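Structure first, commentary second.
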Amino acid sequence: MRCRQTITAATAVLCVLGLAGNRAAAQAPLDAEAIVVGAGPSGLAAAVEMGRAGVNVLVLDMNSVMGGHAVMAGGFAIVDTPLQARLGHEDSPELAISDWLEWTEDGDPQWTRFYAERSSELIYDWLNEMNVEFIRVAGGWENSVPRFHFTPRGAVDVVRALFREALALPNVDFEWNENVDSLIVEGDRVAGVVARNLRSGAERRLTGRHVVLATGGFAGNLERVLANWRTDLPRPDRLLIGASIHARGEGLDLARDAGAALKWMNRHYIYTNGMIDPRDPERTLAITAANGDSLWVNAQGQRFTNEDGFDKKILVDMLAQDPDTYWAIFDDESRGAFSMRGREWIRNLSDDHMVLDDPDATLKADTLTALARAAGLPSEAVQASVARFNELIEMGRDADFGRFASAADAPPKIDTPPYYAIQFFPMPRKSMGGVAVDAATRALDSAGEPVPGLYAVGELTGSVGINGTHGMDGMFLGPALVTGRVAGMSIAAAHAASDEQLDIAARPADQPLPDADTWRATLTAETLRALLATERDGYWHFQISHELVLERAYDCTMCHSAQVPFAPLDNREHKVAQTGVCGNCHGR
Ligand SMILES: Cc1cc2nc3c(=O)[nH]c(=O)nc-3n(C[C@H](O)[C@H](O)[C@H](O)COP(=O)(O)OP(=O)(O)OC[C@H]3O[C@@H](n4cnc5c(N)ncnc54)[C@H](O)[C@@H]3O)c2cc1C
Ligand code: HEC
Ligand code: HEC
């Protein structure tokens, strides 16, 4: 029996005596029927699913805002949708299964099948009913027909819709800035969480029948990624953070400490196009960037791969270089082919000049010799590589690496100064391993038995192994929604099957909207500057978003027009209105 953590000193004694699971604890009111840890796409999907089924739900997030990584993410892989049909892309679950198992090599076969057969209903139709519209579908290496579905502004549209839906349900509540530090394990069951408020420091024990961990991946935790490196791939000399600093993987420890097993931990989706974010004093954050016309050379000044090839092949070729980094070289004529994506546009980097004309980010010189010198590359080798590249372009066929087979497909020659060089590093973006779960997303122990009371969903489960060893487009957001819903359905089924009357403790009532005149005077750039002057725990998003407010000289009332500064106890109506302002910075 597990007795690592208990509710009170009294039960601790019972635990020592081996009597946990006692009546005294069972009779104390629960804080919720289900506690969801994490308000990203998977946690929100679980909350909506359960809320609609009448389950009493409490969602906790360490951030002050919802959405998790979905606020910076793009699209969803979905199979055989009305949009595909309308656009003439004939798709079927069988086709998707065969594409995906071939690409991933060892994707979990059950989840692959379940996902291929049900994604259209569980994602597309479901979101459509919430007025989320998919408008575009893109292709990708792994797919024989386009399956990568987009809403107008990207995944932020989806989390906003889910959040609004959840707020409309009186039995679903949210609490922000609550960092879950450990799980309460009572007898052999997970019975709640211990949460620490990042603003006040207050620690609370919150009890529930079921705990759903939806805390995301660990791609932002470089130590952990390196500690779980694949033995068949060379260890990188240097990695950049390609996700966010919040992808720490705390949920892995929560689950493991409660008895769950971790699986596929050495599988990471490593992107090869990370350049150092010049704004980051630590120089570990990546900007996701590319120049589709560029030529890549390694530290020896030599070309080493087809720059336009499969990303999984490029990764292997890149890691085989010593050191495993490359410089993308292009000229002034191809400057316009430079692009960035991911979180970059949020903070004003949408303007390429901030990167291309920043000597901290991009090297620029009038000759290739000077460029090579600035980059610390052997100049003769660089010149030879560029000359050879130009020769291949003239020939109309890349005889060296197979990048183009005709003059029409070839990039322009590199011969118009100034010349540019950007150094790139590998960067973990998404985790493809994590908590082991069954088909109902119940967390499993090392013997394959469910850990009672514990569910894990989303990227925390490595997207249920659906990506196998090689990541796929849209196969993180999609599985986040599907696994969130599956957990929600499992718990809803348990709820429906039980005739037990749960005693749920009352939560603080929503606050009425305060009178506008009492707060409007405080909304000035001066008060904001004073607030930002001190760095406070639990205010990460407030700080980073309002630095931008000052930088762009936004008027406070643009977002705070009918509301006080968004405070923790705002009512539901207020929170719904608040989601409208997220789009002022997030979404494309
Ligand atoms: C730049 C970028 C672009 C992407 N684009 C795509 C894409 O186009 N398509 C795609 O399929 N995938 C994409 N992804 C991946 C996708 O965004 C994630 O896989 C997805 O958001 C995972 O959802 P989740 O709910 O599992 O976790 P997350 O979205 O990571 O949310 C986890 C939440 O849990 C909270 N949390 C974590 N630990 C704790 C704790 N201890 N206590 C309390 N709260 C906690 C976090 O604050 C966060 O809100 C992208 C990722 C990045 C970084
Ligand atoms: C583009 C939208 C936008 C603008 C403009 C804006 N804010 Fe905000 N504000 C937000 C959002 C979103 C939050 C919630 C952020 C969070 O909790 O992380 C917020 C929260 C706040 C908070 C509450 C922080 C807390 O949780 O205690 C204060 C105070 C605040 N804003 C002040 C201002 C002032 C002053 C201005 C004008 C100088 C301003 N804001 C302009 C969007 C905006
Ligand atoms: C004034 C601009 C602004 C507004 C308005 C705003 N944000 Fe943000 N948000 C940012 C910036 C900047 C970042 C940091 C991005 C980065 O890492 O560079 C961020 C990051 C986030 C992240 C964290 C992603 C991660 O893990 O790093 C979440 C979640 C988020 N925002 C949600 C919201 C939500 C929900 C709203 C609406 C209530 C909102 N934001 C409104 C500017 C804004």
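Please read all numbers here as calculations on a predicted model, not as lab measurements. Residue numbers start at 1 and run along the sequence shown. All ligand and atom numbering here is 1-based and tracks the order in the structure.
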Handout entry: Within reach of ligand 1, part of Met475 (heavy-atom separation under 4.0 Å)
Key = backbone
Handout entry: Parallel, tilted or perpendicular, as decided by the 30° and 60° cut-offs, for the rings of Phe134 and Tyr124
Key = parallel
Exercise for the section: Check whether any N, O or S atom of His560, backbone or side chain, sits closer than 2.8 Å to atom 8 (Fe) of ligand 2. Expected result: yes
Practice task
Run the contact test for Trp540 against ligand 2 with a 4.0 Å cut-off on heavy atoms, strictly below, and give the result.
Solution key: no
Handout entry: Val581 to ligand 3, any heavy atom closer than 4.0 Å
Key = yes
Handout entry: N/O separation below 3.5 Å, Tyr554 to ligand 2
Key = no
Exercise for the section: Could you tell me whether any N, O or S atom belonging to Cys559 is less than 2.8 Å from atom 8 (Fe) of ligand 2? Expected result: no
Fill in the blank from the handout: Near Leu531 (heavy-atom distance under 4.0 Å), the atoms of ligand 2 are 29 (C)
Practice task
Take atom CG of Asn128 as the centre, draw a 6.0 Å sphere, and report whether it contains more than 12 heavy atoms from other residues, nucleotides or ligands.
Solution key: yes
Exercise for the section: Compute the minimum heavy-atom distance from Val71 to ligand 3 and say whether it is under 4.0 Å. Expected result: yes
Problem - His541 atom NE2 and His586 atom NE2 as seen from atom 8 (Fe) of ligand 3, angle to 10 degrees - result: 180°
Handout entry: For atom 31 (N) of ligand 2, the option (of Glu526, His546, Gln578, Met558) bearing the nearest heavy atom
Key = His546
Problem - Candidate with minimal heavy-atom separation from atom 37 (C) of ligand 1, of Thr215, Leu252, Val71 - result: Thr215
